[in-house]
Amino acid sequence: MIIALSGGIGGAKLALGLSHVLPPEELLIIANTGDDFEHYGLTICPDIDTLTYTLAGLDNPHLGWGRADESWAFMQTLAALGGPEWFRLGDRDLALHVLRSHRLHAGETLSVITDDVRKRFGIGLRILPMSDDPVRTQINTDKGWLDFQDWFVRQRAEPLAQAVRFAGVEQARPQPALLDALRAKPRGIVICPSNPFISIEPILAVPGLREAIKASGAPVVAVSPIIAGQAVKGPTARMFEALGVTPSAAAVAARYGDLLHGFVMEHGDDAAGIAPRVFYATTLMRDLADKINLARQVVAAVDAL
Ligand code: FO1
């Protein structure tokens with residue numbers, strides 16, 4: 001079993017590549033839930049949904065979130081009624097949020113709902129949240145602590161991120177099937193090319209998870225989301241700078257510390273100071289072939305450790 005930790009668009013792209021390289025029963029994707037939030041009275045889970053839509057081939061490649069086959073009557077009507085428009089929900093996407101919120105209110109766990117939805121989308125492999133308990137990423141700025149989506153979407157990640165915290169993580173329990181998979185001597189653990197601060201570290205912050213990863217004895221391989229000092233997408237590079245760290249592949253490897261056995265980074269990028277064993281690959285995923293090739297390289301790195 002390969003267990004992949006994923007958040008954001010980069011994570012979903014590699015997850016898609018891995019789904020073409022491994023049989024479904026040998027791949028478990030763990031989604032960050034720190035981006036989740038309540039909006040219009042709905043519980044919205046962006047990283048779970050980006051993974052689900054991407055693995056179902058329904059994702060909107062231009063936006064990097066939501067669905068390709070979308071209509072916007074809800075948002076148009078909401079706007080006409082004076083509702084907040086900054087977080088856009090397509091009509092089809094909205095059905096998922098309404099159903100998930102309804103089932104959560106009825107007492108079902110996020111895992112049960114997520115697993116049912118991925119099956120209904122015809123996805124063979126398991127997608128699971130890092131925890132069924134609520135964890136909410138917050139960003140500290142000169143305007144004070146902001147909820148993640150307010151900072152990332154409504155304020156377009158413009159306020160400088162001086163610190164990140166994960167509200168509720170102290171009380172969160174790791175997803176049970178994830179713990180079982182970690183105890184069953186997995187083939188390897190992959191940290192996808194996601195933003196370390198807001199997509200991966202919320203997962204690693206769930207009490208007991210980092211220890212369970214280490215205790216699994218499995219090789220841990222991370223893929224750099226930074227190429228030549230630049231993030232492929234999103235605020236990763238700027239978040240390093242805001243923390244006084246020069247953005248680089250080495251800075252990402254250092255963020256994960258002693259957890260890593262291997263680190264996959266872009267050909268020609270500077271590997272100086274990177275402790276884990278370095279593997280070079282084409283980490284920019286422009287199309288499905290790139291995603292599959294990178295996934296193959298990542299699995300080869302896992303097996304080489
Ligand atoms: N991101 C935006 O920049 N603007 C949006 O209006 C927006 C809507 C949205 C709706 C559903 C969903 O699952 C994700 C959505 N996102 C939007 C992306 C989301 O903020 C990010 O994907 C993650 O939280 C960061 O990885």
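Atoms within each ligand, like the ligands themselves, are counted from 1 in listed order. Each residue takes its place number in the sequence, starting with 1.
Pairs of residues two or more places apart, or lying in two chains, that qualify as salt bridge (charged side-chain N to carboxylate O under 4.0 Å, His left out) and include a residue from residues 90-99 are Asp69-Arg92.
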What short N/O contacts, under 3.5 Å, does ligand 1 make with the protein, listed by atom pair and distance?
unit_1, atom_1, unit_2, atom_2, d
ligand 1, 1 (N), Trp65, NE1, 3.3
ligand 1, 6 (O), Arg88, N, 2.9
ligand 1, 20 (O), Gln149, OE1, 2.7
ligand 1, 24 (O), Asp35, OD2, 2.9
ligand 1, 24 (O), Gln149, NE2, 2.7
ligand 1, 26 (O), Asp35, OD2, 3.2
ligand 1, 26 (O), Asp47, OD1, 3.2

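In this pair, Trp151 and Phe148 present their aromatic rings tilted. The plane angle is within the 30 to 60° band. Taking the six-membered ring for Trp and thresholds of 30 and 60 degrees, Phe240 and Phe197 have ring planes more than 60 degrees apart, a perpendicular arrangement.
Salt-bridge formation is not detected for the pair Arg136/Asp147: no Lys NZ or Arg NE/NH1/NH2 atom is positioned less than 4.0 Å from an Asp or Glu carboxylate oxygen.
Not counting sequence neighbours, Ala95 has no partner by the side chain to side chain contact (heavy atoms under 4.5 Å, CB included) test.
The hydrophobic cluster analysis finds Ile9 isolated: no Ile, Leu, Val, Met, Phe, Trp or Tyr side chain comes under 4.5 Å of it, directly or through other members.
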